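Here the structure is laid out as structure tokens; the discussion comes afterwards.
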Amino acid sequence: MSLSRKQIDSFNRDGSIIARGLLEDEDLRPLIDELCDWVDARARELFAEEEITDLHEDQPFETRFGLLYGQSKRMDEEMDIMHARGRAMFDFLHNPKLLDAVQSFTGPEIVCNPIQHLRAKPPERFDPNTGPSLYVVPWHQDAGVMMPEAEGSNIVTCWLPLGDATSEMGCMEALPGVHRDGYLRHQAEGGTTIATNVMPDLLQDVDPRSLDCAKGDVIFLSRFTPHRSTPNRSDKCRWSLDLRYQTAGHHTGRTAHPEFVVRSPSKPSTVMHDIQEWRQQWIDAFENPRGTAAHRTE
Ligand SMILES: O=C(O)CCC(=O)C(=O)O
């Protein structure tokens with residue numbers, strides 16, 4: 001279903017919206033099953049290498065990864081979308097309910113932008129945040145992780161949890177209304193953070209909005225909306241996907257990595273359905289690097 005006029009108006013005013021219940025269990029189940037299998041296989045590899053001593057086989061999706069990550073930080077190596085390249089993930093990137101909503105921002109010709117991540121933010125006690133982390137992310141705009149050439153591109157971020165994502169679990173926070181000021185300059189590190197972040201002097205004194213959400217909800221963010229995520233103080237992992245989609249033909253902001261068409265009423269044959277082609281494009285991007293994958297930091 002496309003988003004309502006009211007939802008689009010809120011997005012234009014605040015720079016973010018939460019579309020509640022956009023997805024159902026059946027949309028996420030194949031992906032969660034695939035991730036459970038992936039975690040199990042990875043745990044067995046590390047067990048065989050004597051890197052971990054307890055497989056925690058009886059633990060559910062919400063807790064098992066954290067207990068394994070607590071034993072070895074190598075648990076998430078190659079787990080991200082572009083490395084694991086799973087069938088259910090590829091199918092999910094074409095999810096019609098998600099694309100119907102995305103279309104409200106991009107129009108009908110939709111490309112899946114290559115800037116995308118799977119995150120299994122572990123409980124803080126297993127992830128003391130001592131180095132650059134995929135899990136606790138400082139204030140930034142997504143425009144800050146793209147090349148400046150994408151300045152005029154119509155790109156929307158879709159952030160969705162695979163379970164609950166409460167403030168205790170380190171859900172996303174956003175600064176409402178600030179996207180209307182456009183791009184803010186970013187630095188690579190500074191203060192207490194060692195990841196791409198908005199220059200502290202440029203961060204407006206606006207009360208952050210906590211984007212608590214539940215499985216099935218999808219957050220849409222402007223790429224000029226400053227957002228961050230905080231540590232996970234619960235016992236469960238905060239599993240999530242952050243995907244980006246854009247109007248076909250616009251610059252992706254990351255030429256080193258492959259984009260692909262997910263919807264095209266005008267040229268349906270250009271939609272990529274072939275998982276081998278998708279996998280090969282990522283393999284090629286890693287084996288024969290070219291183009292740019294840099295953040296826009298100073
Ligand atoms: O999922 C998170 O914790 C951070 C995600 C994020 O910053 C992003 O999607 O740009």
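What you see is a predicted model; the values in this text were computed from it and never measured. Both counts, for ligands and for their atoms, begin at 1 and track the order of listing.
- Taking the six-membered ring for Trp and thresholds of 30 and 60 degrees, His94 and Phe90 have ring planes more than 60 degrees apart, a perpendicular arrangement.
- Residue Val136 does not touch ligand 1, judged by heavy-atom distances below 4.0 Å.
- For the atom pair Asn113 CG and Arg223 CZ, the distance stands at 10.0 Å (nearest 0.5 Å).
- Ligand 1 has a nitrogen or oxygen under 3.5 angstrom from a nitrogen or oxygen of Trp159.
- With ligand atoms numbered from 1 in the order given, ligand 1 contributes 10 (O) to contacts under 4.0 Å with heavy atoms of Asp142.
- For atom 9 (O) of ligand 1, the closest heavy atom belonging to the protein is Arg244 NH2, 2.9 Å.
- To the nearest 0.5 Å, atoms CG (Leu221) and CD (Gln141) are separated by 11.0 Å.
- Checked options Glu173, His140, His179; the residue passing with His227 is His140 (criterion: side chain to side chain donor-acceptor pair (under 3.5 Å)).
- Looking at Arg238, Met172, His117, Lys121 and measuring to atom 1 (O) of ligand 1, the nearest heavy atom belongs to Arg238.
- When hydrogens are left out, the protein atom nearest atom 7 (O) of ligand 1 is His140 CE1, 2.9 Å; that is the closest non-hydrogen contact.
- Using a 4.0 Å cut-off between charged side-chain N and carboxylate O, Asp25 and Lys215 make a salt bridge.
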- prompt: Can you check side chain to side chain contact (heavy atoms under 4.5 Å, CB included) on His257 and Arg254, steps first, answer last?
  reply: CA-CA 6 Å; His257 294 156; Arg254 190 155 301 180; 3.5 Å; yes
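- Protein heavy atom at the shortest distance from atom 3 (O) of ligand 1 is Ser229 OG, 2.6 Å.
- Using a 4.0 Å cut-off between charged nitrogen and carboxylate oxygen, Glu24 and Lys97 count as a salt-bridge pair.
- Of all atoms in ligand 1, listed by their number and element, those nearer than 4.0 Å to a heavy atom of Asp242 are 9 (O).
- In the vicinity of His227, heavy-atom distances shorter than 4.0 Å reach the ligand 1 atoms 6 (C), 7 (O), 8 (C), 10 (O).
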